[in-house]
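Everything quoted here is computed from the prediction, not taken from an experiment.
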Amino acid sequence: MNCTRRIGLRYYSTASPSTSHFNQRITSLKNASGPTKVDDALQLFDEMLQRQPPPNIIQLNQLITLIVKMKQYSTALSLYKQTKLMGIPTDLYAMNISINCHCRLDQVAYGFALLATILKQGHQPDLATYNTLINGLVLADRVFEAVELFKKLLREKVCEPDQITFGIVINGLCKVGHTSKALELLRFMESGSCKCKPYVEQYNAVIDSLCKDKMVDHALELFANMTQKGVIASVFTYNSLIQGLCNFGRETEAAQMLRDMEEEGVSPGVHTFTILVDSFCKKGSVKDAELAVQAMVRRGLHPDVITYSALIDGYCLRGEVDDAEKVIDRMMERDIVPDIITYSRLIDGYCKKKRIHKAWRLFQEIQDKGLIPDVVTYGSMLQGLFESGNPAAARELFNKMQVNGQVPDICTYRILFHGMCKNYQCSDALALFRSLGNKESMEDVRLYNILIDGCSKCGNPSLAMDLFDELLLKGLKPDVRTYNAMMRVYCEEGLLGKCKELLRKMEESGCLPDSFTYNIIVRELLKKNECGEAEIFLEEMINRDFMPDHATFENLLVRIPNVGKDSRLRTTVLKLTSVERKDV
DNA sequence: CTAGGGTTAG
């Protein structure tokens with residue numbers, strides 16, 4: 001009897017049984033995982049709201065935080081709406097969580113509206129409020145404004161920024177490529193001018209950005225700096241550096257980095273190895289990539305769909321598409337389901353090997369499995385169809401992809417126009433190009449290069465010249481391929497003067513001639529029997545480590561009997577032939 | 001007791 005009474009009393013005190021009961025359920029939900037987690041949380045919320053007296057805002061915040069962690073931002077906001085309707089008083093925590101939700105939903109403006117509400121109600125926003133808003137601006141790609149707000153906090157001494165504030169701003173600056181500004185801020189933290197020292201995460205952001213900015217050595221320097229200061233590198237630090245090194249063909253150093261990290265007691269992850277696998281594959285050494293896969297398996301790590309997908313790409317790149325196909329079987333054995341990217345690469349591999357039927361069959365098969373081909377898959381398939389001389393089927397597929405909701409991108413158009421031109425449909429290609437209107441997305445030098453080259457190859461040099469003028473008129477900057485294509489056009493038209501003029505223009509505009517450029521000009525000069533000038537260009541090209549191609553060489557050999565015994569041209573040719581022999 | 005950030009691979 002006494003017992004019941006005591007419980008009865010406790011029911012109305014702060015630590016009522018229902019309070020602790022809910023606390024328990026919130027705690028167990030925190031540790032739970034699974035598909036019903038959101039629903040369970042919502043159910044608990046309903047139960048709590050039905051309880052009399054109503055639950056306190058702290059418990060509700062705890063529960064809603066769980067929902068936020070599951071990225072259900074609009075749900076979280078609607079729950080706060082309900083608590084408000086129930087007349088439960090809100091607090092600053094609840095406001096901050098709401099601001100965060102709005103920011104995550106791409107509604108920074110609502111976030112600032114809530115800030116106004118806080119101020120209007122005579123409350124004081126705290127650092128968490130400002131951090132959330134600054135981060136909201138970063139999420140909305142409004143990094144400049146984020147930095148301004150950050151500066152305002154400093155300037156007007158609204159509140160003192162902490163490590164999180166600095167972290168947000170550093171990340172934001174890195175995100176938009178202002179790495180040096182981020183580095184400045186990092187140095188500021190290091191200098192002790194503020195009370196918060198940088199942690200490994202802040203270093204990581206800057207190190208990663210430096211690597212992306214192709215400043216790997218700077219990144220390595222900062223890494224050494226950081227370690228010296230006693231900040232322990234994480235797996236992210238190493239991954240960024242390994243990626244950076246790999247991007248610059250420094251695989252040996254990357255592999256050394258892997259050994260270093262293990263020595264330092266940092267375990268590489270699937271990610272780490274996949275970076276190496278991918279890099280070896282891109283370099284053409286699938287053997288090393290396979291070794292890397294073995295190394296990761298030895299460490300108990302399981303290659304994932306990205307790892308295998310990199311391998312497939314590696315085999316395809318070498319034209320070993322049958323080996324690529326075997327990788328799919330290896331994936332299946334391990335219950336890893338190949339995704340559309342994986343299949344796209346294999347399809348591309350078949351297309352490049354001209355095994356168009358195999359590619360087409362796979363393309364159909366994956367759709368039967370329910371996979372949706374993306375713009376890349378269609379691109380490969382289109383290219384394959386064009387290459388196999390079936391432009392009609394390609395055009396049909398181009399229409400079909402749009403019916404299926406895939407929007408062609410600039411790559412698709414490059415493939416399409418290139419394919420059409422190669423199949424002697426350059427006027428159709430041009431008509432289609434015109435029908436697309438003056439979309440900004442169509443202002444692409446590479447697209448113009450394809451069309452210029454296509455028109456000239458289809459025997460329509462005047463169209464090519466018109467396109468070149470048009471490109472200049474649009475303010476597009478011709479690249480080496482544009483110049484080469486136009487120089488070929490002029491040569492074919494017998495306009496050697498125009499050709500040489502263009503070569504000058506190209507150098508003036510800072511566009512370096514490549515092997516093709518020299519071959520075009522040397523071959524044409526030889527054809528025109530202008531051996532002296534040909535000689536000058538020939539020497540220049542050899543000095544720049546370019547070799548004459550087959551056609552140029554033939555023209556050279558033809559001229560040899562006509563030039564004097566000790567002419568420079570003869571010496572050059574002799575030098576060339578001896579080099580050639582050495583190479584063989 | 002509850003709120004704010006956090007990166008890497010195809």
Side-chain angles (χ1 to χ4, degrees), chain A residues 14-15 19-20 22-23 26-27 30 55-66 68-69 76 80 90-101 103-104 111 114 125-136 138-139 146 159 161-172 174-175 182 198-209 211-212 234-244 246-247 254 268-279 281-282 292 296 303-314 316 338-345 348 374 376:
Chain A
T14 44
T19 303
S20 67
F22 287 136
N23 269 340
I26 291 170
T27 312
K30 256 187 208 165
N56 59 37
I57 190 71
I58 295 176
Q59 272 194 329
L60 290 173
N61 285 341
Q62 284 178 328
L63 184 58
I64 295 174
T65 300
L66 277 179
V68 171
K69 293 250 157 72
Y80 275 123
T90 185
D91 68 353
L92 190 55
Y93 283 82
M95 291 302 269
N96 288 342
I97 299 169
S98 299
I99 293 175
N100 187 31
C101 288
C103 290
R104 302 277 167 176
L114 284 184
D126 63 4
L127 185 55
T129 318
Y130 288 109
N131 283 344
T132 313
L133 285 167
I134 294 173
N135 189 49
V138 168
L139 288 173
C159 38
D162 65 0
Q163 199 226 354
I164 294 180
T165 325
F166 278 96
I168 295 167
V169 178
I170 288 177
N171 273 323
C174 289
K175 189 176 157 193
Y199 284 64
V200 66
E201 285 83 358
Q202 276 98 62
Y203 281 102
N204 286 350
V206 180
I207 287 174
D208 189 63
S209 244
C211 287
K212 297 230 162 75
S234 71
V235 64
F236 286 108
T237 325
Y238 285 104
N239 286 354
S240 288
L241 289 168
I242 289 174
Q243 177 74 60
C246 283
N247 282 346
V270 177
H271 237 109
T272 320
F273 281 99
T274 302
I275 293 166
L276 286 164
V277 169
D278 184 54
S279 178
C281 284
K282 288 213 174 84
M296 72 192 283
D304 64 10
V305 61
I306 302 181
T307 323
Y308 284 115
S309 173
L311 270 182
I312 290 183
D313 210 28
C316 287
D339 60 7
I340 189 64
I341 301 178
T342 318
Y343 281 119
S344 290
R345 292 176 165 196
D348 194 64
D374 62 14
V376 179

Residue [X], side-chain heavy atoms: nucleotide from [options] that is nearest:
| X | options | result |
| --- | --- | --- |
| A:Ile58 | B:dA3, B:dT2, B:dT8 | B:dT2 |
| A:Asn100 | B:dG5, B:dA9, B:dT8 | B:dG5 |
| A:Glu201 | B:dA3, B:dT7, B:dT8 | B:dT7 |
| A:Phe236 | B:dG6, B:dT8, B:dA9 | B:dT8 |
| A:Thr65 | B:dA9, B:dT2, B:dG6 | B:dT2 |
| A:Lys69 | B:dG5, B:dA3, B:dA9 | B:dA3 |
| A:Ile164 | B:dG5, B:dA3, B:dT7 | B:dG5 |
| A:Asn96 | B:dT7, B:dA3, B:dG6 | B:dA3 |
| A:Asn171 | B:dA9, B:dG6, B:dG5 | B:dG6 |
| A:Ser240 | B:dA9, B:dG6, B:dT8 | B:dT8 |

Review point. Reckon A:Ile306 touches a base, only the sugar-phosphate, or nothing at all at heavy-atom distances under 4.0 Å?
Key: base

Point to revise | A:Lys212 NZ to B:dA9 C1', straight-line distance once rounded to whole Å | key: 10 Å

Point to revise | Inter- and intrachain pairs under salt bridge (charged side-chain N to carboxylate O under 4.0 Å, His left out), touching residues 269-279 of chain A, at least two apart | key: A:Asp278-A:Lys282

Point to revise | Stacking of A:Tyr93 on B:dT2 base (centres under 5.5 Å, planes under 30°) | key: yes

Review point. Using a cut-off of less than 4.0 Å, is there contact between a side-chain N or O of A:Asn135 and OP1 or OP2 of B:dG5?
Key: yes

Practice item. Return the set of residues passing salt bridge (charged side-chain N to carboxylate O under 4.0 Å, His left out) with A:Asp91 (not counting sequence neighbours), or none when no residue passes. Key: none

